[in-house]
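The structure's right below; bear with me while I get my questions together.
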Amino acid sequence: MAYTVRKLDRKEIGQVYQTYMEKDFPSDELKPLSHIVRSMDAGYGFSLGMYEGETLLGYAVFILCEETRCALLDYFAILKDRRGGGLGHRAFSLFEAYFRENLPGVDGIYIESERISAAENEKQRLTRERRIAFYLSCGCEMTAFRSVLFGVNYSVLYRPVAEQGQAASLTALDILYQKMFKPEHYDRFVSLAMMEEKKG
């Protein structure tokens, strides 16, 4: 059976959040459901589901910044019992195709991945290395950007989706962050800078 991707409505993302996201992501990385729904209501947040027939296989949450022609992959996961069979790469490819077909004004997608050098132990380090390796294998590029969001350190990758689109831009990502967060949260809990070398 062929895989398909479709946009999730408010009820569906609520079910995905409570059933899967609360288990798939650490609590310090997971925004409240109200934050995700508010971004959807404001028109700059949306979520996609990957399906086999009517069966959900994976999901992704995006933030869109039309002003700077970019988007951010906020959350992405394949359901736990379907991992390890290559569905992650297939889903990422389908999400890219969705952008090209439905959001032609988007040049590229930013991806945050926890910094390898900020890992607290060997297990954490290996998990972060695997995650970054996955995104690189999907055609993403490691940028020289580093973000710290609410105390969590991230490396930033970029996946061009338009043939003649703009390259990754620190300014574009900063504008996107300002769109995502309330001014008081942006000022207190968000920082963005260039690293000296493009390392995780």
Side-chain angles (χ1 to χ4, degrees), residues 1-83 87-88 90-114 131 135 138 147 149-150 152 154 156-157 159 161 172-186 188-190:
M1 186 177 292
Y3 302 127
T4 58
V5 164
R6 66 174 174 81
K7 205 169 186 178
L8 305 177
D9 61 26
R10 295 168 91 258
K11 181 180 179 181
E12 289 171 326
I13 191 57
Q15 293 172 338
V16 168
Y17 187 97
Q18 294 167 354
T19 306
Y20 305 110
M21 293 182 70
E22 291 181 333
K23 299 174 184 176
D24 290 337
F25 295 94
S27 58
D28 63 350
E29 289 185 34
L30 191 59
K31 298 179 180 70
L33 176 59
S34 59
H35 184 107
I36 295 173
V37 172
R38 185 168 62 248
S39 71
M40 293 172 66
D41 291 343
Y44 63 85
F46 67 98
S47 302
L48 299 177
M50 177 187 178
Y51 290 84
E52 185 176 35
E54 295 300 313
T55 302
L56 181 70
L57 304 179
Y59 59 87
V61 178
F62 294 92
I63 300 295
L64 184 64
C65 188
E66 294 179 346
E67 303 92 316
T68 55
R69 300 179 61 89
C70 68
L72 173 77
L73 176 58
D74 211 8
Y75 299 101
F76 171 46
I78 298 297
L79 271 55
K80 189 173 182 179
D81 62 349
R82 300 302 298 267
R83 294 173 191 167
L87 286 179
R90 183 63 178 144
F92 201 89
S93 175
L94 288 170
F95 295 151
E96 287 180 44
Y98 180 92
F99 269 83
R100 287 192 291 270
E101 293 168 13
N102 299 281
L103 297 164
V106 174
D107 289 334
I109 303 168
Y110 291 97
I111 301 101
E112 301 159 332
S113 193
E114 287 182 300
R131 192 172 295 154
Y135 286 121
C138 288
S147 64
L149 309 178
F150 293 83
V152 182
Y154 295 98
V156 179
L157 298 95
R159 180 64 171 103
V161 293
L173 182 58
D174 188 44
I175 292 171
L176 190 150
Y177 280 153
Q178 292 181 53
K179 192 168 192 171
M180 286 176 64
F181 300 106
K182 295 178 181 179
E184 60 269 27
H185 291 163
Y186 172 85
R188 291 180 60 193
F189 303 116
V190 177

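This chain uses plain numbering: 1 for the first residue, then up along the sequence. Excluded from the calculations below are hydrogen atoms, water molecules and symmetry mates; all remaining heavy atoms, backbone and side chain alike, are included.
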- List the atom of L57, the atom of I78, and the distance in Å for their closest heavy-atom pair. O-CG2, 3.4 Å

- Query: Around R188, counting heavy atoms of other residues, nucleotides and ligands shown, do more than 12 lie under 6.0 Å from its CZ?
  - Reply: no

- Atom NZ in K23, atom CG in L30: separation rounded to 0.5 Å? 13.0 Å

- Message: Among residues at least two apart in sequence or on other chains, which ones pass salt bridge (Lys or Arg N to Asp or Glu O under 4.0 Å) with E66?
- Response: none

- Item | Verdict with reasoning, S113 to Y135, per side chain to side chain donor-acceptor pair (under 3.5 Å) | CA-CA 9 Å; S113 193; Y135 286 121; over 6 Å; no

- Shortest non-hydrogen pair, L64 vs A71, comes out as CD1-CB, 4.2 Å

- Item | Nearest heavy atoms of Y17 and P32, plus distance in Å | OH-CA, 3.6 Å

- Query: Got I63 and K179 here, is their nearest side-chain heavy-atom distance under 4.5 Å?
  - Reply: no

- Item | Rounded distance [0.5 Å steps], NZ in K7 versus CZ in F46 | 6.5 Å

- Task: Provide the full list of salt bridge (Lys or Arg N to Asp or Glu O under 4.0 Å) pairs with a residue in residues 91-109, sequence neighbours left out, each pair given once.
- Result: R69-D107, E96-R100, E96-R159

- Message: Parallel, tilted or perpendicular: which one describes the rings of F150 and F181, with boundaries at 30° and 60°?
- Response: tilted

- Item | Least distance between heavy atoms, L72 atom then I109 atom | C-CG2, 4.4 Å

- Is any side-chain heavy atom of F62 less than 4.5 Å from a side-chain heavy atom of Y98? no

- Student check: side-chain heavy atoms of L8 and M40 closer than 4.5 Å: no

- Between C70 and A172 the two heavy atoms that sit nearest each other are SG-O, 4.2 Å

- Query: Got Y75 and D24 here, is their nearest side-chain heavy-atom distance under 4.5 Å?
  - Reply: no

- Task: Would you please classify the geometry between the F95 ring and the F76 ring as parallel, tilted or perpendicular, with 30° and 60° separating the classes?
- Result: perpendicular

- Message: Are the side chains of D41 and R10 in contact, using a 4.5 Å heavy-atom criterion?
- Response: yes

- Message: Any non-hydrogen side-chain atom of Y59 less than 4.5 Å from a side-chain atom of S47?
- Response: no

- Query: Does some side-chain heavy atom of Y154 sit less than 4.5 Å from a side-chain heavy atom of E29?
  - Reply: yes

- Message: So which atom in L149 and which in E112 form the shortest heavy-atom distance, rounded to 0.1 Å?
- Response: CD1-OE2, 3.1 Å

- Yes or no on side-chain contact (heavy atoms from CB on, under 4.5 Å) for Y51 and L94, after CA distance, side-chain angles and deciding distance? CA-CA 11 Å; Y51 290 84; L94 288 170; over 6 Å; no

- So CD of E67 and CD of Q178: to nearest 0.5 Å the spacing works out to 10.5 Å

- Query: Between D74 and K31, is any pair of side-chain heavy atoms under 4.5 Å apart?
  - Reply: yes

- Should E52 and R90 count as an ion pair when the cut-off is N to O under 4.0 Å? no

- Would H185 and V190 satisfy side-chain contact (heavy atoms from CB on, under 4.5 Å), going step by step from the backbone distance to the final call? CA-CA 7 Å; H185 291 163; V190 177; 5.9 Å; no

